[in-house]
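Here the structure is laid out as structure tokens; the discussion comes afterwards.
Letters A, B, ... are given to chains in the order of the sequence lines, protein chains preceding strands, and every chain is numbered from 1. Only a predicted model underlies this, so the values are computations on that prediction, with no experimental measurement involved.
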Amino acid sequence: MIDPRVLRDDPDRVRAAQAKRGLADDVVDRALSADESRRKAIVEFEAKRGEQKRLGKLIAASGKGGDADEKQALLAQTKALAVEVKAAEAAQNEAAEEWQAALLAIPNLAADEAPAGGEDNFAVLETIGSPRDFATEGFEPRDHLELGRMLGAIDVERGAKVSGSRFYFLVGIGAQLERALVNMAMDQAREAGFTEVIPPSMVKPHAMEGTGFLGQAADDVYRLEGQDMYLVGTSEVPMAAFHSDEILDAGSLPLRYAAFSPCFRKEAGSHGKDTRGIFRVHWFDKVEMFVYTTPEEAEAEHQRLLGWEKQFLDNLELAYQVIDTAAGDLGLSAKRKFDCEAWIPSQGKYRELTSTSNCTEFQARRLDIRSRGESGTAPVATLNGTLCAIPRTIVAILETHQQADGSVRVPKALQPYLGGRELLEPTVG
RNA sequence: GGAGGCGUCGCCUAGUCUGGUCUAUGGCGCCCGCCUGCUAAGCGGGUUUGGGGCUACAACCCCAUCGAGGGUUCAAAUCCCUCCGCCUCCGCCA
């Protein structure tokens with residue numbers, strides 16, 4: 001939820017932000033008029049309610065020793081008023097709901113620095129490393145599925161048999177690879193001062209709504225039948241709701257958490273996209289960084305999160321680029337988003353491996369997370385960033401570090417997590 | 001799943017049977033001040049959150065807030081209903 005005061009005092013800024021995302025701005029006027037009628041309704045209700053309370057006291061006083069006629073008169077008067085109070089209250093609630101609905105429909109205001117436009121209008125901020133030149137090395141790179149089959153690491157056939165398309169088994173060295181990556185990510189996070197968390201991956205609607213995943217993104221979310229619960233698509237959801245309805249001590253900020261959880265996604269809008277292998281799947285595990293900090297510190301923290309993501313990818317010796325996502329591709333909650341895209345040899349392009357968003361106070365307002373400082377209470381800022389999404393990381397490692405015979409070189413930083421192994425060798429032809 | 005108990009302004013707590021003087025009691029903690037070689041003790045005051053009015057986003061006034069929502073009533077922390085959460089016991093279980 002954006003700051004209602006900004007909407008009221010500077011609606012043109014909100015209109016401009018809508019335009020930058022390529023969205024209509026009629027919701028701004030709807031919110032403004034809803035706010036006006038809401039406040040009018042409040043004044044009305046409060047006046048009537050105040051009068052009711054005043055009369056109620058007189059009745060109580062007349063109860064002892066007052067004359068009975070006077071009490072009867074008061075009762076008649078206040079009885080009629082009670083009906084009006086009830087009506088005024090209903091009107092107030094209705095107006096407040098309308099206002100709330102309009103406000104919830106407005107996405108976070110995109111940063112001035114974020115490029116305008118949609119998915120393809122991103123800006124490349126930097127490129128780290130360079131894609132391997134397999135032509136010069138004299139062999140055709142295999143894709144991760146083929147490599148995974150040769151290593152006995154990835155089994156998508158049985159994944160499909162047991163669970164359907166976009167499911168997989170990690171087997172043998174594949175399973176070990178996941179554990180190694182998770183441990184490496186968690187160790188890095190802990191050394192950077194993060195608190196490790198294993199959150200629940202099923203949540204109530206409020207958590208989903210608060211993080212902004214029940215709007216237009218709802219199609220991608222699994223809802224449990226007859227349970228009014230959801231499977232999370234990212235641990236950003238439980239981690240944002242972790243401190244919901246709390247007032248944090250300003251001195252305790254920033255609070256940095258590294259959460260490991262499974263992620264479930266319907267991938268509703270991506271029929272036929274990335275169908276081969278485990279690049280786009282319905283379920284995967286992920287280590288996610290989540291930070292609560294002050295709005296003033298949010299931008300600097302966003303850069304730090306990006307730095308930690310880059311550190312992890314650097315340690316895996318991957319070639320990647322950092323992009324500044326365009327306003328139209330930000331998602332509801334983010335003010336600005338950076339993606340790290342690793343070079344995927346079999347696809348001949350950079351693909352998203354990690355993503356970090358600065359959600360400013362947007363989620364905190366919805367989830368009612370504030371901090372208490374010198375000048376009272378104020379919403380905090382929340383930020384999130386992928387440290388390691390397992391399948392895509394495995395894809396990038398296998399394809400990037402493969403050799404002509406189908407073996408895969410283990411990046412130095414990962415070796416300690418695989419019992420010192422320097423090479424993964426094919427077990428099948 | 002069955003039975004019972006409980007949920008009060010940071011923490012603990014009074015109030016709920018018997019609806020109105022509850023503008024929610026007291027303690028702890030915290031903040032400000034006084035006193036005081038220092039510290040402690042003592043004394044005085046303050047201390048939920050959200051919203052609205054008016055405005056300098058101050059002060060002030062008002063409304064809501066006793067787990068959440070609904071109901072009864074002129075009036076609800078208090079009575080009734082539904083839901084949520086916690087605790088105890090039983091059953092089941094990784």
Side-chain angles (χ1 to χ4, degrees), chain A residues 1-11 13 31-104 198 200-210 224 226-230 238 241-253 255 262 295-296 361 364-380:
Chain A
M1 182 155 63
I2 63 166
D3 188 346
R5 200 175 304 158
V6 170
L7 178 73
R8 201 181 297 166
D9 298 345
D10 194 1
R13 196 174 140 205
L32 279 175
S33 73
D35 186 28
E36 200 174 315
S37 45
R38 166 182 149 269
R39 284 190 285 166
K40 203 175 285 175
I42 287 172
V43 169
E44 219 157 285
F45 163 71
E46 287 187 354
K48 287 194 158 62
R49 178 67 176 152
E51 175 68 2
Q52 184 186 36
K53 283 178 74 165
R54 196 179 64 78
L55 291 175
K57 272 175 193 147
L58 290 180
I59 291 170
S62 75
K64 43 183 178 188
D67 74 87
D69 287 349
E70 191 188 320
K71 185 171 180 181
Q72 283 311 313
L74 279 170
L75 278 178
Q77 190 183 349
T78 193
K79 206 160 195 163
L81 186 59
V83 177
E84 290 178 39
V85 169
K86 198 158 272 185
E89 187 175 22
Q92 184 199 316
N93 288 341
E94 198 180 319
E97 262 169 49
E98 248 178 75
W99 177 70
Q100 190 81 2
L103 214 52
L104 283 176
I198 310 288
S201 42
M202 289 163 60
V203 298
K204 299 196 278 189
H206 184 63
M208 222 61 191
E209 174 122 73
L224 297 182
Q227 280 267 301
D228 208 14
M229 287 198 90
Y230 297 88
F242 189 53
H243 287 298
S244 59
D245 298 320
E246 290 182 27
I247 299 177
L248 306 168
D249 180 2
S252 71
L253 301 177
L255 289 169
E296 295 72 36
E361 302 106 294
R365 276 209 186 79
R366 292 171 158 230
L367 290 165
D368 199 15
I369 308 163
R370 289 157 289 168
S371 72
R372 194 194 314 276
E374 310 234 318
S375 52
T377 62
V380 301

For this session: Before giving the answer on salt bridge (Lys or Arg N to Asp or Glu O under 4.0 Å), spell out for A:R54 and A:E51 the whole-Å C-alpha distance, their side-chain angles and the decisive distance to 0.1 Å.
Result: CA-CA 5 Å; A:R54 196 179 64 78; A:E51 175 68 2; 3.1 Å; yes
For this session: Take A:L367 and A:H243 through the side-chain contact (heavy atoms from CB on, under 4.5 Å) test and state the conclusion after the steps.
Result: CA-CA 8 Å; A:L367 290 165; A:H243 287 298; over 6 Å; no
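With B:rG53, B:rC57, B:rC74 as the candidates, the nucleotide lying closest to the side chain of A:V43 is B:rG53. Closest to the A:R5 side chain, of the nucleotides B:rG51, B:rC74, B:rC57, is B:rC57. In the set B:rG52, B:rU49, B:rC74, the nucleotide with an atom closest to the side chain of A:R370 is B:rU49. Among the nucleotides B:rU72, B:rG52, B:rU49, the one closest to the side chain of A:K86 is B:rU72.
Comparing the P positions of B:rU8 and B:rA68 gives a spacing of 10 Å, expressed to the nearest Å. Going from the P atom of B:rC30 to that of B:rA41 covers 10 Å, rounded to whole Å. With both ends at atom P, the span from B:rU18 to B:rC89 equals 32 Å, rounded to whole Å. With both ends at atom P, the span from B:rG44 to B:rC84 equals 48 Å, rounded to whole Å. Nucleotides B:rU49 and B:rC43 place their C1' atoms 31 Å apart, quoted to the nearest Å. B:rG37 and B:rA24 have their P atoms separated by 40 Å, given to the nearest Å. Across B:rU21 and B:rC79, the matching P atoms stand 16 Å from one another, rounded to whole Å. Comparing B:rG29 with B:rU23, their P atoms are spaced 29 Å from each other, to the whole Å.
Map A:G56 and A:R372 each onto its nearest nucleotide of RNA chain B; the residue landing nearer the 5' end is A:G56.
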Exercise. Along nucleotides 79-84 of chain B, 5' to 3', which nucleotides get a B, which get an S, and which get a -, given that the test is a protein heavy-atom distance under 4.0 Å?
Worked result: ------
Problem set entry | Sugar-phosphate or base contact per nucleotide [nucleotides 63-68 of chain B; S, B, -; heavy atom under 4.0 Å] | BS----
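Using a 4.5 Å heavy-atom threshold, the side chains of A:R8 and A:R39 count as touching. Residues A:L7 and A:D35 have side chains not in contact (no heavy-atom distance under 4.5 Å, counting atoms from C-beta outward). Residues A:R366 and A:L104 meet the side-chain proximity criterion, which asks for heavy atoms closer than 4.5 Å. At least one side-chain heavy atom of A:S371 sits less than 4.5 Å from a side-chain heavy atom of A:L253. In this structure, the side chains of A:V85 and A:F45 come closer than 4.5 Å at one or more pairs of heavy atoms. Counting heavy atoms from C-beta on, the side chains of A:D3 and A:R365 come closer than 4.5 Å.
Across all strands shown, B:rA59 forms no Watson-Crick or G-U wobble pair with both distances under 3.5 Å. B:rU39 is unpaired under the Watson-Crick or G-U wobble criterion, no partner having all donor-acceptor distances under 3.5 Å. Remark: B:rC74 base-pairs with B:rG20; criterion is Watson-Crick or G-U wobble with both hydrogen-bond distances under 3.5 Å. In a base pair of the Watson-Crick type (N1 to N3 plus N6-O4 or O6-N4) or a G-U wobble (N1-O2 and O6-N3), with each distance short of 3.5 Å, B:rC89 is matched with B:rG2.
One can place CD of A:E246 at 15 Å from P of B:rG50, the figure rounded to the nearest angstrom. The CZ atom of A:R39 sits 13 Å away from the P atom of B:rU55 (whole-angstrom rounding). One can place CG of A:L248 at 15 Å from C1' of B:rU49, the figure rounded to the nearest angstrom. The distance from atom CD1 of A:I247 to atom P of B:rG10 is 9 Å, rounded to the nearest whole Å. Going from atom CD of A:E89 over to atom C1' of B:rA76 covers 13 Å, rounded to whole Å. At whole-Å resolution of the value, CG in A:D368 and C1' in B:rG51 are 13 Å apart. As rounded to whole Å, 14 Å separates atom C1' of B:rC62 from atom CZ of A:R54.
For A:P295 against A:P379, the heavy-atom pair with the smallest separation is CG-O, 3.7 Å.
For B:rU73, neither phosphate oxygen OP1 nor OP2 lies less than 4.0 angstrom from any side-chain nitrogen or oxygen of A:T78. Residue A:Q52 places none of its side-chain N or O atoms closer than 4.0 Å to OP1 or OP2 of B:rC74.
The number of heavy atoms from other shown groups lying within 6.0 Å of CZ (A:R13) does not exceed 12. More than 12 non-hydrogen atoms from other residues, nucleotides or ligands lie less than 6.0 angstrom from CD of A:E246.
Using a 4.0 Å heavy-atom cutoff across all strands shown, A:Q77 reaches no nucleic acid atom at all.
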